[in-house]
Amino acid sequence: MIQTVFDILSIRKDFPILNRKVNGYPLVYLDNAATSQTPQKVIDTIVDYYSNYNANIHRGVHTLSQEATDVYEQARQKIQKHFNAAKSQEIIFTSGTTHGINLVANGFTTLLEKGDEIIVSALEHHSNIVPWQMLCERTGAVLKVIPMNLEGKLVMEEYHKLLSNRTKLVFCNHVSNALGTINPIEKIITAAHNVGAAVLIDGAQAAPHIKADVQKLDVDFYVVSAHKMCGPTGVGMLYGKEEWLNKLPPYQGGGEMIAEVSFEKTTYADLPHKFEAGTPNICGGIAFGAALDYMNAIGFDAIAQYEHELLQYATQELLAIDGLRIYGDTKEKTAVISFNIEGLHPYDIGSILDKLGVAVRTGHHCAQPIMDFYKIPGTVRASFSFYNTKEEVDILVSSVRRAKTMLS
Ligand SMILES: *Cc1c(COP(=O)(O)O)cnc(C)c1O
């Protein structure tokens, strides 16, 4: 049961951008899988930082620097608590999901040998494909792909066939950004561990909807971006089990990540600083913490339930349009609808929707292999957040109908 009543009108008041007009129409923002909007509390946190205690962290003896350091480290603890990591040093601040994945992929360069195998899923975002291809080029490891089916789900029997004692790493997203499919990551992690492989889960698309418990999942690495969960761009986190983070070499060299430096030899700082070279996005990290506070105050159960209702309603209404096809129709999905209308190009539909104030994404959604699988150039993707409404679904549907009439 939901403890709090979901008060959508008061929630919408928290987001100043939702008041604006686009091309003369009220904004209907349905591109949440690309980036989410920012609540006033997070905006206030950013203004407060630059107005009152902007300073570099960990360096100065002065008051501002200590204040900034304290609040930044408190944000790390909020993130630790949110994802239930055992230790705060297992939380590495990154610039986002892409950075987190590259940090791990780079670290495995020294741990892999020719002939080792890496498994990725067919449902990946490009940022979870290309770094592994680069790692394979550096090491001679081989990339294997878990295939998908028409429902937009991974074929788990094929995954089990791919696993062997040559498998060293498995990479999969928690939720597909292109289709919204929620992948069975518990099963994926357990099976990988049974052959001794490490697992990295890309949580970028799951984190705004599902609260992941990294200890319960027993996952080795989990990465997210703050900007998809009400935080600012340019900041994210990498969770890594301490034993893994100790095994991996640093990603970048620089200030903050060292213990001692001389021209003969440099020793590295302890976790998490070993992976945090240079001045980080201090304000961004602090605002990430504020975004988690904001979302947790609403509650992830309430968010999931409300978004599911929006998804069901939107799916039903869109499917009533002649010639409209939705890609990925599994029951286990977040509120993402990727669709096309027979004979129309997704870009043309998206352009007309924009003229009517409706923001959707069109194209391959950084997931070209999925588009190749369905033999389409791309889709129109409407992705919902907890601040969207049923009325906005109605506007989407009537705008799609209008686009269809205009284009055919
Ligand atoms: C958005 C996204 C990424 C990339 O996140 P960045 O913030 O651009 O680094 C990776 N994977 C998935 C599933 C995503 O949705």
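The structure presented is a predicted model; accordingly, all values stated were derived computationally and were not measured. Just follow the structure's listing: the first ligand is 1, and inside any ligand the first atom is 1. Basis for what follows: all heavy atoms, side chains included, without hydrogens, waters or symmetry-related copies.
Taking the six-membered ring where the residue is Trp, Y294 and F386 present tilted rings, their angle falling between 30° and 60°. Ring planes of Y222 and F83: tilted class, angle from 30 to 60°. Using cut-offs of 30° and 60° on the angle between ring planes, the pair H58 and Y72 is perpendicular.
Ligand 1 lies out of reach of H99, whose nearest heavy atom is not under 4.0 Å from it. Using 4.0 Å as the threshold, N128 has no heavy atom nearer than that to any atom of ligand 1.
In terms of protein heavy-atom proximity, atom 10 (C) of ligand 1 is nearest to S127 OG, 3.2 Å. Protein heavy atom in closest approach to atom 1 (C) of ligand 1: K228 NZ, 1.2 Å. Scanning the protein for heavy atoms near atom 15 (O) of ligand 1, the closest one is Q205 NE2, 2.5 Å. The protein heavy-atom contact nearest to atom 8 (O) of ligand 1 is T98 OG1, 3.8 Å.
When all heavy atoms are compared, the tightest approach of F275 to L248 is CZ-O, 3.7 Å.
Those atoms of ligand 1 with a heavy atom of D202 less than 4.0 angstrom away are 10 (C), 11 (N), 12 (C), 13 (C).
Here the options are N183, T181, N128, T97, the test is side chain to side chain donor-acceptor pair (under 3.5 Å), and the partner is N173; only N183 passes. Tested against F288, the residues R76, H82, H227, M237 include a single side-chain contact (heavy atoms from CB on, under 4.5 Å) partner, M237.
Where the criterion is an N or O separation shorter than 3.5 Å, residue side chain and backbone included, S225 meets it with respect to ligand 1. Of the polar atoms of N177, none of the N or O atoms is found under 3.5 Å from an N or O of ligand 1, judged by distance alone.
Using a cutoff of 4.0 Å between basic side-chain nitrogens and carboxylate oxygens, E113 and K168 are not scored as salt-bridged.
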